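Let me begin by presenting the structure, written as structure tokens, before commenting on it.
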Amino acid sequence: MLRFILAALVTSTLLIAVAYASAFVVGGAGWGAWCMVAGVAGISVSTIALGAHRHGRRNPIVTVALLATGVSLVAGFSLALLLPDAGPAEAVVLGFPVRASSVIYLVGVLPLFVLPLVYAWTFDELTLGDEDIERVRRAGRKG
Amino acid sequence: MPVPTLFLLQSAALPAFTQPVIAAIMLGYFLIVAAIGVWAARRTRDAKDFFIAGQGIGVVTMAIAAMAATLSGFTFIGGPGLIYSIGLAAIFINLPLSVTTAMGGWVLAKRLRLLSEVRPMLTIPDAIGARYRSPAAQGLAGVAIVIAIVGYMATNLLALGFVLDAVFGCGLAAGIWLGMGFTLAYSITGGILAGVYADLFQGTVKAVASVIVFALVWRIGGGMSGLTTTILAGDPEFLSPWGRLTPLAAMSFFFVFGIGTLGQPHVVHKFYMVEDPRRLKWYPLVMTIAMSVTLLLMFGIGLATKAMVLRGEMPALVRPDDATPQFLLRFAPVTLAGVVFAGVAAAIMSTVNAFMSVGSAALTHDIPRALGVRVARPLLWGRIGMAAISVLAAILAAESRILVAFLGIFGWGLFASTLVPALAIGLNWKGATRAGAIASIVTGMAITLGLETLAYRRIFTFPSGVTATALALVASLLVFFGVSYLTRSRASADLDPDVATVMEI
């Protein structure tokens with residue numbers, strides 16, 4: 001699992017690098033933006049996954065939350081790229097033009113409280129328990 | 001449109017706000033912070049108290065202090081101005097909040113706090129030095145921090161000078177020195193303990209001011225629909241998801257201000273300060289609430305100013321940074337304006353205080369350690385270092401706006417590109433090596449400083465969407481992975497058993 005996470009992290013970073021390179025290439029704006037969508041979503045989720053990963057412990061709630069976050073980020077940015085720019089005639093959804101709404105709500109709002117709640121919910125089991133703290137303190141005393 | 005330089009905060013005089021009520025509110029605020037400083041001074045006895053608040057604060061206090069350190073005056077002045085200038089694209093700076101608090105929790109909070117259980121930890125470079133068994137890596141990180149902080153602090157002091165001049169009419173130079181002097185006074189006596197509890201008060205002031213202003217914006221604008229209807233009719237590009245930027249430029253903000261948060265030492269070093277590591281459970285949630293509430297002002301005033309200008313209820317802004325002052329002048333009761341300006345000063349001072357502490361630690365703890373110098377009387381030298389950095393930053397702010405403008409652009413980017421790989425990735429990946437860490441820190445410094453200098457002197461111009469900060473962060477990450485892979489046979493030798501245990505938890 002760790003190797004997969006690291007591979008995702010490195011791949012996402014490379015995609016972001018390619019996206020920046022596209023700015024120096026004539027006609028690169030289109031595909032560069034898509035590289036950036038994939039890179040930004042990938043690096044965000046894989047960085048969190050790297051921190052949340054614990055050898056031998058899996059938590060489906062965290063996995064689902066991270067996958068959903070990745071999907072949400074990709075969906076939000078993608079809709080903003082794909083939907084046509086209708087100017088003043090653009091439909092307003094939840095207070096904003098639909099393209100802006102897709103970014104604000106799918107990228108900004110949806111993961112905003114979900115991830116911190118998942119973090120708190122799974123903290124004792126997955127992140128840090130009493131036995132973990134004792135183990136670390138023993139390691140410190142030995143050192 | 002070129003991406004504006006974000007870190008200038010306020011770069012020109014604000015409209016005068018010299019009204020007795022506003023001045024009285026500001027003075028009241030300063031008195032409360034001074035009282036906190038006196039209280040903290042009595043409880044500051046050693047370097048641990050001075051640099052990490054004796055490791056005795058609660059997670060709510062820590063999270064609000066982290067919020068206060070993160071959100072400088074940019075939130076209240078530069079941010080609304082940026083929205084007015086480039087439209088909704090400006091919120092890409094804040095959008096990463098959706099992932100960064102949980103990211104900070106999972107990636108850094110536990111690791112840093114547990115490291116302090118096995119080793120004496122005072123600074124972020126301490127963590128880097130311990131992770132890779134490398135005084136060199138610690139020293140390089142310390143150098144990067146000092147360089148970034150001097151310029152970053154100078155821009156903040158300049159902004160504080162403008163605010164104090166606008167409220168008290170004292171003149172810019174006096175405002176800079178008074179602002180620096182006051183912040184230094186409570187920081188040097190009470191250390192980060194004073195800073196944290198002042199941040200708690202300042203963060204609360206900011207949050208309250210933000211909510212009240214947003215409610216005012218909602219009422220005046222006719223709700224979000226009222227604002228967007230006006231703007232959509234008059235300037236639809238403003239409400240484009242990318243505003244006046246390209247998609248690449250906007251998403252680049254998300255990348256830099258998302259991943260880059262993991263490398264801001266004045267924020268992440270607060271993880272050391274939590275008394276009970278189990279309470280970190282609540283850090284992301286508290287931080288998310290605190291940040292979301294406080295950012296409402298930036299969002300609200302940015303949109304409202306645009307809408308009011310389009311409706312003819314405000315003249316078009318000569319300078320985007322006048323958005324908040326002009327909005328308050330026209331629409332807010334004077335008491336609310338006073339609270340907001342106190343909030344602006346609070347925002348700047350909380351960030352400056354954090355810089356003072358982190359900068360002095362880098363100068364008097366990390367760099368000497370890298371050179372093999374043992375500092376006797378660390379508390380005394382910490383205070384001397386703090387004064388030295390603060391005076392230098394104030395001189396820069398008062399004497400050379402050109403130099404401030406140049407140095408100020410390094411801040412966030414230099415922190416991110418030098419610290420994110422070695423610290424955030426390295427504390428979660430046993431395959432990271434000392435060589436990888438050192439190479440990434442050097443790469444981050446060289447590219448940030450080099451490219452920003454070239455861009456500043458207009459020797460090189462980036463295409464839209466590309467910034468030196470972003471390139472440096474990407475490059476340092478790739479160098480970190482690449483060099484660590486090439487030197488992977490050294491990975492286990494670079495890792496002490498107690499640090500390995502922390503990384504396994």
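First the proteins, then the strands, lettered A, B, ... as listed; each starts at 1. Being a predicted model, the structure only gives us computed values, none of them experimental.
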Can A:Val107 and B:Phe92 be said to form a side chain to side chain contact (heavy atoms under 4.5 Å, CB included), step by step?
CA-CA 10 Å; A:Val107 176; B:Phe92 273 81; 6.0 Å; no
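- The line from CG of A:Leu81 to CE of B:Met251 is 5.0 Å long, rounded to the nearest 0.5 Å.
- In this structure, the separation between CZ on A:Phe123 and NZ on B:Lys110 is 7.5 Å, given to the nearest 0.5 Å.
- Using a 4.5 Å cut-off between heavy atoms, A:Arg54 touches chain B through its side chain atoms alone.
- Proximity to chain B (any heavy atom under 4.5 Å) is restricted, for A:Thr122, to the side chain, taken from C-beta onward.
- If you measure heavy-atom distances from B:Leu280 to chain A, the contacts under 4.5 Å come from both the backbone and the side chain.
- Contact count against chain A (heavy-atom pairs under 4.5 Å) is highest for B:Ile259 among B:Leu227, B:Leu88, B:Asp235, B:Ile259.
- For the pair B:Leu114/A:Leu128, a side-chain contact is recorded, criterion being any heavy-atom separation below 4.5 Å from C-beta on.
- Of the two parts of A:Ser44, the backbone and the side chain both hold a non-hydrogen atom closer than 4.5 Å to a non-hydrogen atom of chain B.
- If you measure heavy-atom distances from B:Pro284 to chain A, the contacts under 4.5 Å come from both the backbone and the side chain.
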Run B:Ser252 and A:Tyr20 through side chain to side chain contact (heavy atoms under 4.5 Å, CB included) and show every step you take.
CA-CA 9 Å; B:Ser252 184; A:Tyr20 288 131; 2.6 Å; yes
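- For A:Leu110, no part sits under 4.5 Å from any heavy atom of chain B, backbone or side chain.
- Proximity to chain A (any heavy atom under 4.5 Å) is shown, for B:Ala475, by neither the backbone nor the side chain.
- Neither the backbone nor the side chain of B:Glu237 comes within less than 4.5 Å of any heavy atom of chain A.
- Annotation: residues 85-95 of chain A contacts chain B through A:Gly87, A:Pro88, A:Glu90, A:Val92, A:Gly95 [non-hydrogen atoms, separation under 4.5 Å].
- Contact annotation: the side chain of B:Val99 approaches that of A:Thr69 to within less than 4.5 Å [non-hydrogen atoms, C-beta and beyond].
- The aromatic rings of A:Phe96 and B:Phe299 sit tilted relative to each other, their planes meeting at an angle between 30° and 60°.
- For the residue pair B:Thr101 and A:Tyr119, no side-chain donor N or O sits within less than 3.5 Å of a side-chain acceptor on the partner.
- Both the backbone and the side chain of B:Ile505 have a heavy atom closer than 4.5 Å to some heavy atom of chain A.
- The contact between B:Ile425 and chain A is made by backbone and side chain atoms together, counting heavy-atom distances below 4.5 Å.
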Show your working on side chain to side chain contact (heavy atoms under 4.5 Å, CB included) between A:Ile16 and B:Leu477 and close with a plain yes or no.
CA-CA 11 Å; A:Ile16 294 172; B:Leu477 282 166; over 6 Å; no
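- Rounded to the nearest 0.5 Å, atoms CG (B:Leu285) and CG (A:Leu117) are 5.5 Å apart.
- Side chains of B:Phe254 and A:Met36 form no contact here, defined as non-hydrogen atoms less than 4.5 Å apart.
- Annotation: side chain of B:Arg278 is in contact with side chain of A:Asp130 (closest heavy-atom distance under 4.5 Å).
- Atom CE of residue B:Met103 and atom CD1 of residue A:Ile48 lie 4.5 Å apart, to the nearest 0.5 angstrom.
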List the steps, then state whether side chain to side chain contact (heavy atoms under 4.5 Å, CB included) holds for A:Val62 with B:Trp106.
CA-CA 11 Å; A:Val62 174; B:Trp106 266 306; 4.0 Å; yes
